[in-house]
Amino acid sequence: ESAPVKVDNTPSWRPVLQAPQESGIGLSAEAYRRRHEISVIGANVPNPFVTFNSTCFPSEILRELHQAGFSAPTPIQAQSWPIALQNRDIIAVAKTGSGKTIGYLIPGFIHLKRLNNDVRMGPTVLVLSPTRELATQIHEEAVKFGKSSRISCACLYGGAPKGPQLRDIDRGVHVVVATPGRLNDILEMKRLHLDQVSYLVLDEADRMLDMGFEPQIRKIVKEIPTKRQTLMYTATWPKEVRKIASDLLVKPVQVNIGNVNELVANKSITQHVEVIPHMQKRRRLEQILRSNGPSKYIVFCSTKRMCDQLAGYLDGPFGASAIHGDKSQMERDKVLSDFRNGKSPILVATDVAARGLDIKDIRFVINYDFPTGVEDYVHRIGRTGRAGATGVAYTFFCDQDSKYASDLVKILVGADQEVPSELRDMASRGGYGGKSRRWASDSSYARDDYGPALDSYDQSR
Ligand code: ADP
Ligand code: MG
């Protein structure tokens with residue numbers, strides 16, 4: 001067996017593109033940053049590209065952006081594109097739905113075109129992503145925006161046979177999008193070499209760490225030359241993420257969209273929190289589904305078993321299916337495509353499906369079971385209200401969730417939402433302390449109507 005041919009992959013790291021000093025739409029860089037709540041940390045941070053035309057992207061790419069119907073860069077794109085094009089490392093902290101994917105893909109395309117490496121020696125751009133669903137979506141965006149620039153891309157994820165994935169990489173690709181587990185399997189088989197990778201993206205880094213991928217990520221990074229550009233995207237900025245950033249990135253520029261120290265929910269999502277006895281959840285869920293009518297719903301449960309049960313129960317009257325970690329890849333693909341095309345409009349999911357899934361036109365998120373913490377709550381409701389659309393979240397909150405009451409109140413207040421008085425009471429009792437059996441005897445909770453606000457909601461849109 002012959003050793004893989006080593007190529008000189010030392011690129012010339014001079015920036016070829018300079019950000020224009022003036023924004024072009026009459027707004028100074030500072031004013032644009034203030035307006036879009038962008039803060040930057042780093043030396044000589046270039047001005048944002050506030051229009052597509054100011055990006056100096058190749059015409060093929062500009063055409064794709066135009067064809068996608070996009071009218072302007074999102075704030076994270078506007079600010080991170082010029083930094084990425086200077087070949088600098090980036091930490092970007094931005095909530096889901098802010099357009100991060102093409103935020104890193106397009107500079108990656110420009111990077112690989114400039115290097116023009118031989119694809120037979122391995123990929124130049126590597127994107128790591130926490131879940132197969134998310135990896136698939138990134139791959140789809142890469143194919144869509146890279147096609148006219150003749151960029152080839154493979155997607156590697158677990159739970160599916162390796163054969164087709166290996167065939168894809170054997171053909172030679174510029175870009176690999178992968179989940180850490182499957183990528184390591186393939187690296188161990190020596191079927192892929194990463195010594196030509198010089199643009200590494202860690203997408204949803206916080207989620208990857210939550211899922212325990214840190215050792216896998218570190219193992220992969222050891223295979224990549226240190227002379228590289230590294231971009232890390234994350235929705236939150238906890239200390240675990242800060243640690244891995246300081247280990248893997250060199251003099252990064254940090255771009256924050258919104259306030260990153262505080263967990264904030266998207267204000268375009270209307271959040272209804274209902275303090276409700278556990279026993280009444282199912283009946284209330286049905287009421288919500290009936291009163292809002294046909295639409296796409298994601299219902300979150302805390303266990304796989306509950307997911308299956310609830311989906312089974314709702315499937316007859318409404319059309320529902322479950323997605324969670326015990327489903328095979330084939331089942332998951334089927335469930336997602338039935339959901340996307342509206343055949344099965346209710347998706348009952350565990351948190352595994354919560355982050356990263358980008359399914360268009362989800363109007364409603366229902367937290368049937370409250371998650372273990374408000375961070376997941378914010379991620380879950382972020383499945384709706386994406387890219388400027390409005391969304392509605394319903395959350396059932398039980399006695400057993402009372403330890404999250406005060407955190408949840410903060411989130412609601414921070415997003416200018418109404419706080420139900422029952423929740424405020426629970427928060428002020430400091431969580432566990434309250435009379436935990438109160439609901440059983442509280443007749444006001446046996447009522448059928450949940451106030452006019454919910455039923456009139458739809459008409460007000
Ligand atoms: P994130 O990774 O931050 O959660 P995505 O990259 O998945 O966000 O983008 C969310 C949605 O916004 C996608 O459907 C994407 O196609 C769309 N999108 C991306 N950039 C723009 C833009 N400049 N204008 C309008 N929509 C955009
Ligand atoms: Mg994303």
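In each ligand, atom 1 is the first atom listed, and ligand 1 is the first ligand listed. Note that these values count all heavy atoms, side chains included, but never hydrogens, waters or copies made by symmetry. If you read the sequence from its start, that first residue is 1, and numbering goes on from there.
Where the criterion is an N or O separation shorter than 3.5 Å, residue side chain and backbone included, Ser98 meets it with respect to ligand 1. In terms of polar-atom proximity, defined here as any N/O pair under 3.5 Å, Ser71 makes no such contact with ligand 1.
Those atoms of ligand 1 that come under 4.0 Å of a heavy atom in Thr101, given as number and element, are 2 (O), 5 (P), 6 (O), 7 (O). For ligand 1 and Ile102, the ligand atoms under 4.0 Å from any heavy atom of the residue are 20 (N).
Not a single heavy atom of Gln137 sits less than 4.0 Å from an atom of ligand 1. Proximity of Ala94 to ligand 1 is not established, as no heavy-atom distance is less than 4.0 Å.
For atom 23 (N) of ligand 1, the choice among Gly99, Gly69, Ala72 with the nearest heavy atom turns out to be Ala72. Compare Pro75, Ala68, Ser129, Gly97 by their heavy atoms: the one nearest to atom 10 (C) of ligand 1 is in Gly97.
His272 and Thr395 form no side-chain donor-acceptor contact under 3.5 Å, judged by distance and modelled atom types alone.
Under the 30°/60° scheme for interplanar angles, the aromatic rings of Trp81 and Phe57 are found to stand perpendicular. The aromatic rings of Tyr233 and Tyr104 are tilted relative to each other, their planes meeting at an angle between 30° and 60°.
Residues Ile76 and Ala92 come closest through the heavy atom pair CD1-CB, 3.7 Å. Pairing each heavy atom of Thr230 with each of Asp89, the nearest pair is N-OD1, 2.8 Å.
Looking at Arg380 and Asp376, no side-chain N of the basic residue comes within less than 4.0 Å of a carboxylate O on the acidic one, giving no salt bridge.
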